[in-house]
There are 2 protein chains.
Amino acid sequence: MGERTRAITIADVAARAGVSQASVSRVLNRKQSVDPAIVRAVQDAIDVLGYTPSVAARSLVHGRNDTIAMVVPDLENPLFQGILKGLSLAAASDHYRVLVADTAEVVDDEEATAIEARHRCDALVLCAPRMPEERLRRLVARVAPVVVVNRPLPGAEVPIVGVDYARGIRDLVDHLRGLGHERIAYVSGPAASASNAERLRGVEEASAADPSVRIDVIAGGSRLDDGYMVAEAVTNARAAGVTAVIAFNDLVALGLMTRLTELGVSVPRDLSVAGFDDVPMARFSTPRLTSMSVPRGEIGAQAWARLRTLIAGGPIEHSVLYRPRLEIRDSTGPVAA
Amino acid sequence: MGERTRAITIADVAARAGVSQASVSRVLNRKQSVDPAIVRAVQDAIDVLGYTPSVAARSLVHGRNDTIAMVVPDLENPLFQGILKGLSLAAASDHYRVLVADTAEVVDDEEATAIEARHRCDALVLCAPRMPEERLRRLVARVAPVVVVNRPLPGAEVPIVGVDYARGIRDLVDHLRGLGHERIAYVSGPAASASNAERLRGVEEASAADPSVRIDVIAGGSRLDDGYMVAEAVTNARAAGVTAVIAFNDLVALGLMTRLTELGVSVPRDLSVAGFDDVPMARFSTPRLTSMSVPRGEIGAQAWARLRTLIAGGPIEHSVLYRPRLEIRDSTGPVAA
DNA sequence: CTGTTAGCGCCTTCAA
DNA sequence: TTGAAGGCGCTAACAG
């Protein structure tokens with residue numbers, strides 16, 4: 001890598017500077033102190049020759065290559081993008097780079113992809129929202145050091161950086177309750193998604209905590225289209241008394257609102273709609289979308305912090321769960337009188 | 001990399017199988033024909049030991065590591081995400097992985113980042129829309145094999161995969177002209193952006209080709225906020241007779257429409273608005289946004305195709321320029337009578 | 001402080 | 001067809 005023609009090596013530098021390779025290596029790594037004259041000679045030789053050390057050789061000697069991998073189901077998901085960005089920037093500040101491995105939503109490939117990616121790198125960030133728990137647990141043990149992002153994994157020896165989706169849903173329900181809504185619909189995400197399961201748990205908890213509220217679940221999805229297409233089901237629910245909708249995420253909420261507008265359903269007058277994730281677009285929809293904000297970049301940065309500790313041989317640090325922050329905008333309002 | 005404890009090596013496998021390392025290497029790489037008995041013995045040993053070859057050692061020997069890097073100014077830009085996804089998938093099908101290097105919009109870091117990334121990888125995909133041409137030309141020569149994405153670079157020895165933005169703008173202007181618009185405003189992107197320059201060229205060409213049309217340029221930006229904030233300037237332009245707006249990209253168009261709606265300006269009745277890039281959200285805005293579609297994933301895939309040829313020692317293949325496709329939706333309409 | 005010597009794990013001639 | 005040996009480029013002992 002890194003060279004077109006026959007690369008110049010540390011031996012060339014040593015020869016030109018009239019010293020041993022070890023000395024060159026020393027000035028390169030500033031480990032021991034070296035005679036200033038030699039340092040200068042070596043520096044000169046390096047400059048003249050335009051030498052750069054081979055990362056491959058270094059990797060072989062050190063047993064690491066200052067690279068981590070992030071495995072994601074879909075690079076086009078704004079949530080993962082934000083995490084990747086945060087991870088990439090944080091890692092870069094420690095001279096680490098990030099390899100991306102998009103599994104294109106094929107759950108059955110995730111395991112192999114993760115193992116392969118891990119083999120090229122020093123550590124792994126795993127986003128595998130749909131992988132069965134047991135399989136993920138085995139995988140995690142196999143590819144350590146690793147941190148799991150955006151889903152719980154009870155009992156596994158791995159740091160987790162995630163979001164308290166259940167709590168977020170409860171907070172959202174509270175918000176709607178405060179506006180007078182008692183009949184709410186939750187448009188669910190992908191059936192196998194762990195974070196959808198967490199949200200559903202939040203739905204249950206909210207129902208249990210407040211008998212006056214009733215929350216129906218409508219099968220949805222995770223993308224704009226899914227929200228668009230679920231609109232009919234939502235209007236049916238509305239006819240049956242539902243006054244507010246919580247969507248799996250903002251994309252679904254935005255797609256839903258688009259269709260509702262077409263159908264002549266006014267948000268929030270006829271129906272309140274809330275999303276989750278607080279993607280940039282949420283502030284720019286009409287009406288502006290009430291959402292639960294999730295610190296995407298921060299999740300990536302925290303994942304790196306934990307990974308760095310593990311790489312350095314440190315302990316498995318405490319997991320973190322971010323509590324989503326309610327962003328009240330214009331798509332939710334008081335229940336119609 | 002790839003190991004926690006002392007890794008097992010090809011020597012361990014050889015020992016257990018009772019053959020030489022060379023034989024193991026042979027069955028691993030299925031190069032020469034090997035005695036079936038040996039093959040079996042080696043396979044068994046590999047399975048029992050759970051051996052996987054060291055990528056670092058391989059890299060050192062081969063001088064490559066089956067990894068390419070993509071340098072981008074901002075991972076959160078939907079355009080680059082799409083390209084990255086396409087690139088990543090295409091490369092993966094050839095057992096290559098992609099390293100991402102986000103320069104966080106700091107143009108002065110791009111050069112160093114590119115060189116560093118290139119040093120870790122076999123080749124580079126460069127997205128550097130704001131780097132001065134001359135500097136980019138020098139850089140490109142230095143980091144080959146490389147392909148430049150999404151900007152022209154006349155006279156450089158490098159394949160380019162890009163978009164004919166000028167043509168796209170002209171097609172868009174034609175569309176608006178067909179609807180009767182003669183006074184158009186172009187909300188420009190970042191001043192240093194090469195693709196903005198291309199769009200401006202399209203604006204000039206369109207004006208030159210059709211004297212009946214007049215296109216004003218309004219300074220904008222590249223994000224939702226920029227579009228939102230430029231709305232006042234746009235309404236002023238409208239007061240001065242402008243009947244249609246072309247935004248630098250969809251994000252700007254969407255932000256602009258949001259603000260226009262707030263200001264009571266009806267799109268497309270009072271003003272037509274068109275974007276560029278055709279991001280997923282364009283189909284879901286209210287009104288649905290007319291845009292110029294750009295094949296994001298395909299750009300990434302083509303970038304990989306060219307890179308692969310270069311890596312294999314092939315020639316610099318022809319550059320490609322995609323012609324954006326007009327997606328007529330509801331945000332553009334006939335000029336008011 | 002410096003040079004010599006062994007590897008890191010793998011592939012690849014070269015003989016046998 | 002197989003094994004032995006050298007080397008990819010660098011670093012880390014170990015002497016000197």
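Chain naming here is simple, since letters A, B, ... match the order of the sequence lines and numbering starts at 1 in each.
- A:Arg58 meets the side-chain contact (heavy atoms from CB on, under 4.5 Å) test with A:Asn29, A:Pro53, A:His62; sequence neighbours excluded.
- We find that CZ of A:Arg64 is positioned 14 Å from C1' of D:dC10, with the value rounded to whole Å.
- Axis orientation changes by 40° from one end of the helix from C:dC1-D:dG16 to C:dA16-D:dT1 to the other, with each end axis drawn from 5 pairs and the value rounded to 10°.
- Partners of B:Glu105 by side chain to side chain donor-acceptor pair (under 3.5 Å), not counting sequence neighbours, listed by chain and number: B:Arg130.
- In this structure, the CD1 atom of A:Ile8 is 16 Å from the C1' atom of D:dC8, given to the nearest Å.
- Counting heavy atoms from C-beta on, the side chains of A:Val146 and A:Leu139 never come closer than 4.5 Å.
- Listed pair A:Thr9 / D:dG9 fails the phosphate criterion, with no side-chain N or O lying under 4.0 Å from OP1 or OP2.
- Residues forming a side chain to side chain donor-acceptor pair (under 3.5 Å) with B:Tyr322 (at least two apart in sequence, or on another chain): B:Glu298.
- Rounded to an integer number of Å, the gap from A:Ile46 CD1 to D:dC10 C1' is 13 Å.
- Listed by chain and residue number, B:Val34, B:Gln43 satisfy the side-chain contact (heavy atoms from CB on, under 4.5 Å) test with B:Val39 (two or more places apart in sequence, or in another chain).
- One interatomic measurement links the two molecules: CG of A:Leu28 to C1' of D:dG9, which rounds to 12 Å at whole-angstrom precision.
- As a whole-Å value, the separation of B:His62 NE2 from D:dG7 P is 18 Å.
- Within a 6.0 Å radius of CD in B:Glu157, other residues, nucleotides and ligands contribute 12 heavy atoms or fewer.
- Look at CD on B:Gln21: it is 16 Å from P on D:dG7, rounded to the nearest Å.
- Residues A:Val24 and B:Gly18 each lie close to DNA chain D; by heavy-atom proximity, the contact nearer the 5' end of the strand is made by B:Gly18.
- Heavy-atom neighbours of A:Arg137 CZ from other residues, nucleotides or ligands within 6.0 Å: above the threshold of 12.
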Under 3.5 Å, N/O pairs linking protein and nucleotides 13-16 of chain D:
| from | atom 1 | to | atom 2 | distance (Å) |
| --- | --- | --- | --- | --- |
| D:dA13 | N6 | A:Arg26 | NH2 | 3.4 |

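- Not counting sequence neighbours, the partners of A:Arg308 by the side-chain contact (heavy atoms from CB on, under 4.5 Å) test are A:Asp94, A:Trp304.
- Contacts classified as ring-ring contact (aromatic ring centres under 6.0 Å, His included) and involving residues 18-44 of chain A (residues at least two apart or in different chains) are not found.
- Residue B:Ile38 places its side chain closer to D:dT2 than to any other of D:dC10, D:dG3, D:dT2.
- Scored by the side chain to side chain donor-acceptor pair (under 3.5 Å) test, A:Ser193 finds A:Ser195 as partners (sequence neighbours excluded).
- Contact between the side-chain N/O atoms of A:Ser25 and the OP1/OP2 oxygens of D:dT11 is found at a separation under 4.0 Å.
- Partners of A:Asp74 under the side chain to side chain donor-acceptor pair (under 3.5 Å) rule, at least two apart in sequence or in another chain, are B:Lys85.
- One interatomic measurement links the two molecules: CD1 of B:Ile10 to P of D:dA4, which rounds to 14 Å at whole-angstrom precision.
- Residue contacts shown for A:Val61 include a base, since a base heavy atom lies under 4.0 Å away.
- Along DNA chain C, read 5' to 3', the first and last nucleotides having any atom under 4.0 Å from a heavy atom of chain A are C:dC1 to C:dG9.
- Remark: B:Asp44 engages no residue in a side-chain contact (heavy atoms from CB on, under 4.5 Å) (not counting sequence neighbours).
- Between A:Tyr51 atom OH and D:dG9 atom C1' the separation is 7 Å, expressed in whole Å.
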